[in-house]
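All chains are named by letter (A, B, ...) in the order of the sequence lines, taking the proteins before the strands, and each is independently numbered beginning at 1.
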Protein chains: 2
Amino acid sequence: MAKFVSIFTMRNLLVLSLALNLSLIMRVTFEGGKQGFFSVEEKHRGPSMAENKEEAHATQRALLSLSSSSGQDGVEKVINLDHGDPTMYEKYWMKMGERTTIVIPGWQSMSYFSDVKNLCWFLEPELAKQVFRLHKAVGNAVTEGRHIVVGTGSSQLFLAALFALSPKDGSQPMSVVSAAPYYSSYPSMTNCLKSGLYNWAGDARSFSKDGPYIEVVTSPNNPDGFVRHSTVNRTGGILVHDLAYYWPQYTPISSPADHDLTLFTVSKATGHAGTRIGWALVKDAEVAKKMTKFIELNTIGVSRDSQLRAAKILEVMTDTSQNLGSSELGESFFRISYHLMAERWELLRAAVNNGRMFSLPDFAPGFCHFLQQETQPQPAFAWLKCEDDAVEDCESFLKGHKILTRGGRHFGVGPKYVRISMVDRDINFSLFLKRLSTIQS
Amino acid sequence: MAKFVSIFTMRNLLVLSLALNLSLIMRVTFEGGKQGFFSVEEKHRGPSMAENKEEAHATQRALLSLSSSSGQDGVEKVINLDHGDPTMYEKYWMKMGERTTIVIPGWQSMSYFSDVKNLCWFLEPELAKQVFRLHKAVGNAVTEGRHIVVGTGSSQLFLAALFALSPKDGSQPMSVVSAAPYYSSYPSMTNCLKSGLYNWAGDARSFSKDGPYIEVVTSPNNPDGFVRHSTVNRTGGILVHDLAYYWPQYTPISSPADHDLTLFTVSKATGHAGTRIGWALVKDAEVAKKMTKFIELNTIGVSRDSQLRAAKILEVMTDTSQNLGSSELGESFFRISYHLMAERWELLRAAVNNGRMFSLPDFAPGFCHFLQQETQPQPAFAWLKCEDDAVEDCESFLKGHKILTRGGRHFGVGPKYVRISMVDRDINFSLFLKRLSTIQS
């Protein structure tokens, strides 16, 4: 095991200095002479357009929360990169100021019903409109001939899909599989109620049971970031495509996804995890109806307030995306986020390559039809492998260095791997890099 | 079956005239010389405090929605009183204008986490504060020594409670019972996933199976409005109290509820059904933790936007409740709503008693410690019985008169009964009364 030294070594300083240089070069290259989005000064300035009292109060709260999380930046602070909490995006939206502010009067959206004429009666028409508009602008999904089912995040939609796709009178539960490493929550979400309709059958690669099954295809994959296709590939299989990360900041947009049932979520697209909004694009009306029924039985619909907020945010994303550079509408969310992720991945690779303890996946670049250039995959999670023979359990090892991650066993593989969030706030990401360097020094 | 006449008879007109008089008398008595909350002029005026553009737009949308629902008031219009959609309360909140408006900047509440130090990590501290404050003001629940678990409506909390209270390694599913007539969604919510943890075992009165069980006690009861206590009453039973309707507008507040696990929901308390927020008061920390885990697996928390909105609304409710008359803070929500419900029940009883076809439950009055007077139960639903021998199925019969209701079979009893929403908009309630009178004439 590498020795842990609490003071900086020369090698350590060299890596940090390299990281800082890279960061500066990328800012100059990609953001020109304009104000940087993620500079330290920025954090203490707040949105320039804050004009009314509520806004000012909210600004104050946000700044307090940011400063409290950055207050403890010594070796004592535990950095939690276990969850994919997308707080990295807060600064972009602060910069956008009032453009995505929503105002909801007390008497608005009180009824259960958003649109009684829609198959999904609790879907806000404005959200549906903005979802279609965004997919068209980004080119990441075919929307023609699709029904939208809105969910309380894509977790609820995943469960709704299992409910909709499993026969109600089956002699045994439908098998649900996904190729390892798979999203750690699929097994527990599938099995937590011991449903007689479906159960978790593990790694799709080793699945050999006869009969119908559901295969979840997550692409780019959580945790490892690779583009994926169906693995089992035999008759009787029904595919659910979880495309939570199929956005330009994470992966090249090669073509519009064209599947039977596709899941998306606001949390990974825009960073609004606390808003709990996801959507499914569903080809078959009967499947969409059953998913709607599940959500009715589960939560009697989806918060209308959150749908309206999500619609506003998607609207601004699309508006800024239609001019990829800067415009009076603000800088493109996807371009800014793409460069931020690129910067973080460069820094992480530099830190990892500075020693022999860890390795990261290698990705092939691809042409992104949205950004109109060749881009590298730069996933929302780093799938880090401990190469050191002395380290059996990478999660525990990093925990010893006060870095919380999620170990490989949760994803159906060995403990040599950990998943690390790449979308946390700057301060945590910087501390993480610093500690990685310390560990390897 | 009563003959259906499409023109007004003398008797019919008499009932309507009586209804109008009653209504006018009650308005004069309870609202004095002040502006009426529910006058027709009011509807087209909009909130007096609407000052900014967003507010004005929202006002316009609400008015459009109100006028479209009131546009078709002839015999052709289908009146949907199947759901308990609490749109009756819209006018109160319009009257309150900006006091319950919330403003959410785009960069606020982005993280999954509301309060990492709380057992329920996705609970907004401000909502917790306002829930405690409201219960204290109303006196309808003991909050000392309770954990709050927030849910996407109380439906999700009901499921979370079943998950938390059922043993994970039981040899067979835990029985879930409730005394008939019980809330129509309990059976389908409990059974929809064919869970191995719990299953619906029907009417608590005829439940005789040995072993542990969960009894849901809904009080006042949905559909019939009666105050309830546990029915099975033997060892091994765990009680879940659904107190969605234990608010002063529906029933006398006799004492603070003091149970192990109690469910409340914003939709029935304030009328904000579209916001999807409920809360559980839970004595046992382990149960609260398991409920939190369920919601994590189900929807990864609860929309923070909606929690903030609910907190604001509860805050104003409590503020106006601390002065039961009118004050600069606005008129008391509970007093206004109590009088509105009283008015509606008087009108409904007058219409029903004008013939022999239907009957309604009779309730004993009780002293309401909140309103400091004796009050009558006046439930959010009318549990109407068809007394006419020629009518077997009351739901179908009323459907023939374009009144959609929910038949007794859904609630575990016979088809002579129907449940009818008493909390819809004025226009629908008036049309419903008119049709009842026509049917009985």
Out of [options], return the one with the most heavy atom pairs under 4.5 angstrom to chain B.
options                               : result
A/Pro173, A/Ser195, A/Ser114          : A/Ser195
A/Pro86, A/Ser155, A/Ser267, A/Gly151 : A/Ser155
A/Ile313, A/Ile102, A/Thr100          : A/Ile102

Return the minimal non-hydrogen interatomic distance between [X] and [Y], and the atom names on each side.
X        : Y        : answer
A/Ser111 : B/Asp85  : OG-OD2, 2.5 Å
A/Phe113 : B/His83  : CZ-CD2, 3.5 Å
B/Arg276 : A/Val302 : CG-C, 3.8 Å
A/Tyr112 : B/Lys268 : OH-NZ, 3.1 Å

Min side-chain heavy-atom separation B/Arg309-A/Gln108 under 4.5 Å: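 Heavy-atom side-chain distance check passes, below 4.5 Å.
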
Where on [X] is there a heavy atom nearer than 4.5 Å to chain A: the side chain, the backbone, both, or neither?
X        : result
B/Tyr198 : side chain
B/Lys168 : backbone
B/Phe294 : side chain
B/Ser185 : neither
B/Thr270 : backbone
B/Val266 : neither

What's the verdict on side-chain contact (heavy atoms from CB on, under 4.5 Å) for B/Thr101 and A/Ile104, showing C-alpha distance, side-chain angles and the deciding distance? CA-CA 5 Å; B/Thr101 298; A/Ile104 310 182; over 6 Å; no

Winner by heavy-atom pair count (cut-off under 4.5 Å) against chain A, out of [options]:
options                      : value
B/His272, B/Gln156, B/Arg304 : B/His272
B/Thr87, B/Asn298, B/Ile277  : B/Asn298
B/Gly84, B/Ala273, B/Gly278  : B/Ala273
B/Leu159, B/Leu157, B/Ile300 : B/Ile300

Output yes when a side-chain donor or acceptor of B/Asp305 lies under 3.5 Å from a complementary backbone atom of A/Ser306, and no otherwise.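 Answer holds: no.
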
Side-chain (B/Ser109) to main-chain (A/Gly274) donor-acceptor, under 3.5 angstrom: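 No, because the side chain of B/Ser109 does not come within donor-acceptor range (under 3.5 Å) of the backbone of A/Gly274.
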
Applying side-chain contact (heavy atoms from CB on, under 4.5 Å) to A/Leu297 and B/Cys192, what does each step give before you reach the verdict? CA-CA 8 Å; A/Leu297 289 169; B/Cys192 76; 3.7 Å; yes

More than 12 heavy atoms of other groups within 6.0 Å of A/Lys293 NZ: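 No, because the 6.0 Å sphere around NZ of A/Lys293 holds 12 heavy atoms or fewer from other groups.
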
Roughly how far, to the nearest 0.5 Å, is CE of B/Met110 from CH2 of A/Trp93?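 So the CH2 of A/Trp93 and the CE of B/Met110 are separated by 7.5 Å.
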
